[in-house]
Engineer: 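Below: one structure in structure tokens.
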There are 2 protein chains.
Amino acid sequence: MKSNVTMRDIAVKLGVSSVTVSKALNDKEGVSEELKLKIKDLAEEMGYRFNVMAKSMKEGCSYNIGVIIPERFTGEDQSFYLKFYQHITKMLERYNYYGILQILPTNDEEKLILPRTYYENKVDGFVILGQVSSEYIDLLTEHEIPKVLLDFYTDHSEVDSIVTDNFYGVYELTNYLIKNGHREIAFIGNIHSTSSIQDRYLGYYKSLLEHKIPLNTNYIINDRDERGKYIDLELPEQLPTAFVCNCDQVGFNLINKLISLNYSIPDDCSVVGFDNDIYSTLSNPPLTTVQVDTEEMAKVAVKFLIEKIKDKNKSYGRVLIKGKIIHRDSVKTVSKEGHVSDLSSQI
Amino acid sequence: MKSNVTMRDIAVKLGVSSVTVSKALNDKEGVSEELKLKIKDLAEEMGYRFNVMAKSMKEGCSYNIGVIIPERFTGEDQSFYLKFYQHITKMLERYNYYGILQILPTNDEEKLILPRTYYENKVDGFVILGQVSSEYIDLLTEHEIPKVLLDFYTDHSEVDSIVTDNFYGVYELTNYLIKNGHREIAFIGNIHSTSSIQDRYLGYYKSLLEHKIPLNTNYIINDRDERGKYIDLELPEQLPTAFVCNCDQVGFNLINKLISLNYSIPDDCSVVGFDNDIYSTLSNPPLTTVQVDTEEMAKVAVKFLIEKIKDKNKSYGRVLIKGKIIHRDSVKTVSKEGHVSDLSSQI
DNA sequence: CTGAAAGCGCTTACAG
DNA sequence: CTGAAAGCGCTTACAG
């Protein structure tokens, strides 16, 4: 993609003035229909992108609106992505940049329509926050737009992305359960849906492998359909002593279900989650879970993006940021309940 | 406040060139310390604001970063303010504007420091989303910055603000409870904290007045301290038949507390909330509540702001946007339980 | 240490 | 219908 086609470039190619190009592109009076069409066609062909900033300068109007949210309204129990966005904003400030939040409509994503900010030269790069189709990522790559994926990655390992270390997080969490005497451990999550869930599952599996605990397929429980909608959990006939849930929300759902079946948590079985979001504190008991280090992730994402803007050749690939186990009240030690010998024979 | 002081203005006043002013203001080589100071002082005195856009144009770098969030990650159970922001963004697009989300640090709010976007001419106006101190609002007013308050208002009625109709919403909700036979109705909320809660309380009170139900001060229950932190609810010795909670979160807390005291909802008493946020669906049973029309509010806010940017003299004052009652399972009709005669005598 | 000139990419107002 | 000129506010590179 050509990077900086201007009205003048178009004008020169057509042997007209840039004033005429401006008029044509803005559908103003004073250009013959024929010439107007020619100009528009060439503009498209040359990959022309309007420069709002120049217009802004002329008009003394920035075409930006600042939306202010007081800090105290963005506390603990707010949305995960808002928290991310907030950290991104904070990091950007250090570089004298501003963040423009754009909700990418599903339709634009499917039809592969780039954000208007790109066409108007409003931004120098993008942070993609949350899994977008790989076709869309490819599109951004083709246009050579500096970008960093945050909280997900694609199968192209050369695309720079910052993700939490899902694998390691659940691996540690499962180790922790095993250290507390659990050996019947189930995993809840659709292991075919997102890469995050898959990685979390593999972390769980690795921990089992390392402790020579066989993988029990009855203990792999689906939690959502292909569209990501939560389904009713089908619990195995014999309950495990612990559940590793792929996220806090499912942990929350599971605890409610178990309670409604008259089980007591963590006495009858332990439950752990992932994310340390609002659901981990709403369940009763609150969930032991893994806290994603959103601040560090945002920091790294911004740093990388700015570097890439300065130097197009910079590349970082996939970067994993470790999370941290948050201990709450949903896990019980079961070492005294018959599994002791099994455990000790393992050590 | 002067609106458009440029480097040239400063240069002319000092009888130097604008190049020198540029160097001085950017702390670059080639200006004597003495002159540099003079220029900086005059700049401050004249209320000079740097124009990033001009710099941007020169450098071909917008100094904006687009943060993309796919639509499907901003669904139902996300934060209230993110939803607002999303609607604002969508509305702004219609006017070819972009929103820059800024978290206003509490420190800047207290020290009355304006957002940097203002000093850099990055924005044409502000949507203030969430209660900011009235001193801060006054500051914005003094600087003649176009602004609209969203989701709160100040005591200056001439400041344009868009709020949900708290008064009418709770009034309707209380009417609904009374229509269902309730006469012992408590209100939960700190009626001295925010204007929203106060208005909701007054809506409750008006409904009681209209139905000739005396206000029982034992039925006004505080839910938070001066800092807005939730406190343990002190329930009256004799439980009312219904609770009007100032927000869903408190409704959620109340239901949990009542259940832990072995009450059954809505059989033993009904509970209603306000906001229709995540807490209204997390409680068991889910809460009957009032849905705030965030989309309409954002729409009106943006429309007003754009009008005000075009014409500084436009003024709208406080605008109330009506919400909508969402019926769920936390209310029971009690007309057959002894209050029937009272009720009918009223009608 | 100081500044005249040129340019970033566009638009407006005017002349042909 | 078409375009030369000037300007939006700043900065860079060069000359004095």
Side-chain angles (χ1 to χ4, degrees), chain A residues 2-40 42-43 46-64 96 117-124 309, chain B residues 2-40 42-43 46-64 96 117-124 309:
Chain A
K2 311 96 218 161
S3 52
N4 270 321
V5 182
T6 70
M7 287 190 179
R8 171 165 288 133
D9 295 335
I10 298 173
V12 169
K13 267 217 172 160
L14 246 35
V16 298
S17 83
S18 57
V19 177
T20 301
V21 174
S22 171
K23 284 174 185 159
L25 260 24
N26 288 299
D27 270 323
K28 293 207 169 150
E29 302 277 288
V31 198
S32 66
E33 275 309 312
E34 206 193 327
L35 183 53
K36 199 181 263 187
L37 268 179
K38 248 205 235 166
I39 291 174
K40 285 188 175 176
L42 184 59
M46 294 175 72
Y48 172 75
R49 294 186 285 140
F50 183 70
N51 186 327
V52 232
M53 271 184 318
K55 183 188 180 182
S56 295
M57 267 220 52
K58 192 96 236 296
E59 301 182 351
C61 215
S62 78
Y63 285 103
N64 281 136
N96 287 317
T117 42
Y118 169 70
Y119 292 109
E120 296 186 352
N121 272 316
K122 264 293 215 196
V123 298
D124 304 334
I309 289 169
Chain B
K2 309 99 218 158
S3 52
N4 270 323
V5 183
T6 70
M7 287 190 179
R8 172 165 284 134
D9 295 335
I10 299 172
V12 169
K13 266 216 175 165
L14 246 33
V16 298
S17 83
S18 56
V19 177
T20 303
V21 174
S22 170
K23 284 174 185 160
L25 261 24
N26 289 298
D27 270 325
K28 293 207 169 152
E29 302 278 289
V31 198
S32 66
E33 275 310 310
E34 207 192 324
L35 182 53
K36 199 181 264 187
L37 268 180
K38 248 205 233 167
I39 291 174
K40 285 187 175 179
L42 184 60
M46 293 176 72
Y48 171 75
R49 293 187 286 141
F50 183 69
N51 186 326
V52 232
M53 272 184 318
K55 183 188 179 181
S56 296
M57 268 220 51
K58 192 95 236 297
E59 302 183 350
C61 214
S62 78
Y63 286 102
N64 281 137
N96 287 317
T117 42
Y118 169 71
Y119 291 109
E120 296 186 354
N121 273 314
K122 263 293 215 196
V123 298
D124 304 333
I309 289 169

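All chains are named by letter (A, B, ...) in the order of the sequence lines, taking the proteins before the strands, and each is independently numbered beginning at 1.
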Engineer: Rounded to the nearest angstrom, tell me the gap between atom NZ in B/Lys55 and atom C1' in D/dT11.
Structural biologist: 10 Å

Engineer: Between atom CG in A/Asp27 and atom C1' in C/dT11, what is the gap in whole Å?
Structural biologist: 16 Å

Engineer: Measure the distance from CG on B/Leu37 to C1' on C/dC1 and round it to the nearest whole Å.
Structural biologist: 15 Å

Engineer: Taking the side chain of B/Lys28 as heavy atoms from C-beta outward, which of C/dT12, C/dC10, D/dT12 is closest to it?
Structural biologist: D/dT12

Engineer: Do any side-chain nitrogens or oxygens of A/Ser32 fall under 4.0 Å of OP1 or OP2 in D/dT2?
Structural biologist: yes

Engineer: For D/dA4, what is the paired nucleotide under Watson-Crick or G-U wobble rules, both distances under 3.5 Å?
Structural biologist: none

Engineer: Of B/Gly30 and A/Val19, whose closest DNA chain C nucleotide lies nearer the 5' terminus?
Structural biologist: B/Gly30

Engineer: CG/A/Leu25 to OG/A/Ser18 distance, rounded to the nearest 0.5 angstrom?
Structural biologist: 11.5 Å

Engineer: Please confirm whether the shortest side-chain N or O distance from B/Thr20 to OP1 or OP2 of C/dT2 is below 4.0 Å.
Structural biologist: no

Engineer: B/Glu29 CD to D/dT12 P: how many Å, rounded?
Structural biologist: 13 Å

Engineer: Among A/Lys13, A/Met7, A/Lys36, which one satisfies side chain to side chain contact (heavy atoms under 4.5 Å, CB included) with A/Val21?
Structural biologist: A/Met7

Engineer: Pick the nucleotide of DNA chain D nearest each of B/Lys23 and B/Ala54; which residue has the one closer to the 5' end?
Structural biologist: B/Ala54

Engineer: Report the distance from atom CZ of B/Arg8 to atom C1' of C/dG3, rounded to the nearest whole Å.
Structural biologist: 12 Å

Engineer: In Å and rounded to the nearest 0.5 Å, what is the CD to CD1 distance from A/Glu34 to A/Ile39?
Structural biologist: 11.0 Å

Engineer: Contact class for A/Lys36 (heavy atom, under 4.0 Å): base, sugar-phosphate, or nothing?
Structural biologist: nothing

Engineer: Whole Å only: how far is the CE atom of A/Met7 from the C1' atom of C/dT11?
Structural biologist: 8 Å

Engineer: Below 4.0 angstrom from OP1 or OP2 of C/dA4, is there any side-chain N or O of B/Ser17?
Structural biologist: no

Engineer: Specify the separation, in whole Å, of atom CE of A/Met57 and atom C1' of C/dT12.
Structural biologist: 14 Å

Engineer: Is the closest side-chain heavy-atom distance between A/Lys38 and A/Leu42 below 4.5 Å?
Structural biologist: no

Engineer: With rounding to the nearest 0.5 angstrom, report the CZ to CG distance, A/Phe50 to A/Asn26.
Structural biologist: 6.0 Å

Engineer: Starting the side chain at C-beta, find the nucleotide from C/dG9, D/dG9, C/dG3 nearest to B/Thr6.
Structural biologist: D/dG9

Engineer: Classify the side chain of A/Lys58 and the base of D/dG9 as holding, or not holding, a donor-acceptor pair under 3.5 Å.
Structural biologist: no

Engineer: Is D/dA13 paired to anything, Watson-Crick or G-U wobble with both distances less than 3.5 Å, and if yes, which nucleotide?
Structural biologist: none

Engineer: In whole angstrom, what separates B/Glu34's CD from C/dC1's P?
Structural biologist: 12 Å

